[in-house]
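Quick caveat: nothing in here was measured; it's all calculated off a predicted structure. Proteins come first, then strands; the chains are lettered A, B, ... in the order of their sequence lines, and each starts at number 1.
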There are 2 protein chains.
Amino acid sequence: MNTQALVNEFVAYLRSRGMRMTPERRHILQHIFSAHTHFEVDDLHVRLRDAGHRISKATVYRTVALLANCGILRSSIAPSGSSSEYYELVYGLETPHEHLQCQECGRVFEVADPVLLGHLRRIAVTMGYELVDHSVKIVGRCVELRNKGVCSKSGLQRPPERPQ
Amino acid sequence: MNTQALVNEFVAYLRSRGMRMTPERRHILQHIFSAHTHFEVDDLHVRLRDAGHRISKATVYRTVALLANCGILRSSIAPSGSSSEYYELVYGLETPHEHLQCQECGRVFEVADPVLLGHLRRIAVTMGYELVDHSVKIVGRCVELRNKGVCSKSGLQRPPERPQ
DNA sequence: TTAAGTGCAAACGGTTTGCAGAATG
DNA sequence: CATTCTGCAAACCGTTTGCACTTAA
């Protein structure tokens, strides 16, 4: 899969709804593709700006919503403590991937596990549903970290209890 | 498990932090216990009001945060389209439970599956983590519903595509 | 008696929207 | 050219907070 395929997919979606491809939409899509991580809209906006594109935050919000609607993006889980929505690229994703969240630093890692999907499908069927989508979050404590009190993946001290 | 055990747990937590039990906190906790579903703060506030308790929304927010901090509540998944945080009672929960979300009406059902937990634990270990918590959301389409275009569980028509 | 809790209303921050001007097909 | 898109700034809305008053211990 490459950027062009993504652009084509998006253009087809836009056409089908009487909408237009624009330079702004193209830049946003290409940037999401090249970054290929989960992201929040504000970050995406800043990075586009750093890359020299003057695209308003409103347009980024509007475009991300379109991309989510046509199945190129989907909303993902947020690092703990965050109050904004996170998205990830799903178009052309070969293997389903789950999320492992570090309890200390809140960061999210992606994990592939081919067996899990079948298991979830079976659960859905038991309830009279056909599995359409899923999301799995595992919150874990790094063994090394639990002993030392420092998160080696982020270099951060163990965060204090939430205030109040 | 009963309300008293919950209250005791909460009082112990409050004591340990130099905080006090109040009538407001007691009413909120008891109401959460008797409703025993996942909920959003605004709903909880309205229901408390309907039950005759004049508790401000600020106090409900503050108390829910405390209950989440001490492990009696945890944040749960929200029905699709909702922009507010949902919580659920976890204190004394015997079996781990996952969430099945109806793609049409967005409602969330709880599902117990004892095997899944072991699987998730294995995934965590593979990544060098010890499983501390998890959440699983399965999005499904009810077979009957897909044919008829109507959600039999909610009585709602299939919702239109999100606007824009 | 005094530190903590409550209600109120204002502040906050992420997201959405109305509108006038720019640009696509 | 008609219609859609963009940028801007204001509106929105769930949540948090400052403050004066009330209350638990």
Side-chain angles (χ1 to χ4, degrees), chain A residues 7-8 10-29 31 38-46 48-49 52-70 73 75-87 162-164, chain B residues 7-8 10-29 31 38-46 48-49 52-70 73 75-87 162-164:
Chain A
V7 172
N8 291 344
F10 193 29
V11 168
Y13 171 80
L14 292 171
R15 283 243 178 78
S16 74
R17 321 226 329 189
M19 294 174 181
R20 300 166 180 172
M21 180 49 96
T22 67
E24 290 83 2
R25 287 174 180 171
R26 198 182 305 271
H27 288 134
I28 291 169
L29 183 51
H31 198 89
H38 67 142
F39 63 90
E40 56 185 328
V41 171
D42 196 72
D43 260 26
L44 176 58
H45 177 240
V46 168
L48 283 163
R49 186 155 287 252
H53 303 297
R54 289 306 178 81
I55 302 176
S56 75
K57 201 179 282 191
T59 292
V60 180
Y61 271 105
R62 287 188 276 232
T63 302
V64 164
L66 286 173
L67 291 168
N69 266 27
C70 81
L73 292 181
S75 60
S76 180
I77 74 167
S80 52
S82 168
S83 59
S84 57
E85 185 89 11
Y86 273 69
Y87 294 91
R162 258 201 280 168
Q164 255 300 29
Chain B
V7 171
N8 291 344
F10 193 30
V11 168
Y13 171 80
L14 291 171
R15 283 246 176 75
S16 74
R17 320 230 325 192
M19 294 173 181
R20 300 165 181 174
M21 180 48 96
T22 67
E24 291 82 2
R25 288 174 179 171
R26 198 182 305 271
H27 287 134
I28 292 169
L29 183 52
H31 197 90
H38 67 142
F39 63 90
E40 56 185 329
V41 171
D42 195 73
D43 260 25
L44 176 58
H45 178 240
V46 168
L48 283 163
R49 186 154 288 251
H53 303 297
R54 292 305 177 83
I55 303 176
S56 76
K57 201 179 284 190
T59 292
V60 180
Y61 271 104
R62 287 187 275 231
T63 302
V64 164
L66 285 174
L67 291 168
N69 266 27
C70 80
L73 293 181
S75 61
S76 180
I77 74 168
S80 53
S82 168
S83 59
S84 56
E85 184 90 11
Y86 273 68
Y87 294 89
R162 258 202 281 168
Q164 256 299 32

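Rounded to a whole Å, the NE2 atom of B:H45 is 13 Å from the P atom of D:dT15. Separating the CD atom of A:E24 from the P atom of C:dA22 is a distance of 14 Å, rounded to the nearest angstrom. Note: CG (B:D43) to P (D:dT15) measures 11 Å, nearest angstrom. Remark: C1' of C:dT6 and CD1 of B:I28 are 11 Å apart, rounded to the nearest angstrom. In this structure, CZ of A:R49 is placed 7 Å from P of D:dC8, rounded to the nearest angstrom.
For B:F39, there are no ring pair (Phe, Tyr, Trp, His ring centres under 6.0 Å) partners two or more places apart in sequence or in a different chain. B:D43 pairs by the side chain to side chain donor-acceptor pair (under 3.5 Å) definition with nothing, not counting sequence neighbours. Residues satisfying the side chain to side chain donor-acceptor pair (under 3.5 Å) test with A:D42, not counting sequence neighbours, are A:K57. For A:S56, the side chain to side chain donor-acceptor pair (under 3.5 Å) partners at least two apart in sequence or on another chain are A:T59. Applying the ring pair (Phe, Tyr, Trp, His ring centres under 6.0 Å) criterion to A:Y61, with sequence neighbours excluded, gives no partner residue. Under the ring pair (Phe, Tyr, Trp, His ring centres under 6.0 Å) criterion, A:H45 pairs with no residue, sequence neighbours left out. Taking the ring pair (Phe, Tyr, Trp, His ring centres under 6.0 Å) definition, one finds that B:H31 meets it with nothing, sequence neighbours left out. Evaluation of the side chain to side chain donor-acceptor pair (under 3.5 Å) rule for B:E24 yields B:T22 as partners, not counting sequence neighbours.
Between B:R62 and C:dG5 there is no side-chain N or O to OP1 or OP2 distance below 4.0 Å. Between A:R54 and the phosphate of D:dT6, there is no side-chain N or O to OP1/OP2 separation shorter than 4.0 Å. Of the side-chain N and O atoms in A:S56, none sit less than 4.0 angstrom from OP1 or OP2 of D:dT6.
Using a 4.5 Å heavy-atom cutoff, the side chains of A:Y13 and A:L67 are not in contact.
An angle of 40°, rounded to 10°, separates the two end axes of the helix from C:dT1-D:dA25 to C:dG25-D:dC1, each defined over five pairs.
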Under 3.5 Å, which N/O atoms of the protein pair with N/O atoms of nucleotides 9-11 of chain D?
none

Look for any protein N or O under 3.5 Å of an N or O in nucleotides 22-24 of chain D and output each such pair with its distance, or none.
{"residue": "D:dA24", "atom": "O3'", "partner": "B:M21", "partner atom": "O", "Å": "3.2"}
{"residue": "D:dA24", "atom": "N3", "partner": "B:R20", "partner atom": "NH1", "Å": "3.1"}

What nitrogen or oxygen pairs link the protein and nucleotides 11-15 of chain C at under 3.5 Å?
{"residue": "C:dT15", "atom": "OP1", "partner": "A:E85", "partner atom": "N", "Å": "3.0"}
{"residue": "C:dT15", "atom": "OP2", "partner": "A:Y61", "partner atom": "OH", "Å": "2.2"}
{"residue": "C:dT15", "atom": "O5'", "partner": "A:Y61", "partner atom": "OH", "Å": "3.1"}

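The aromatic rings of A:H53 and A:H27 lie parallel to each other, with less than 30° between the two planes, well short of the 60° mark.
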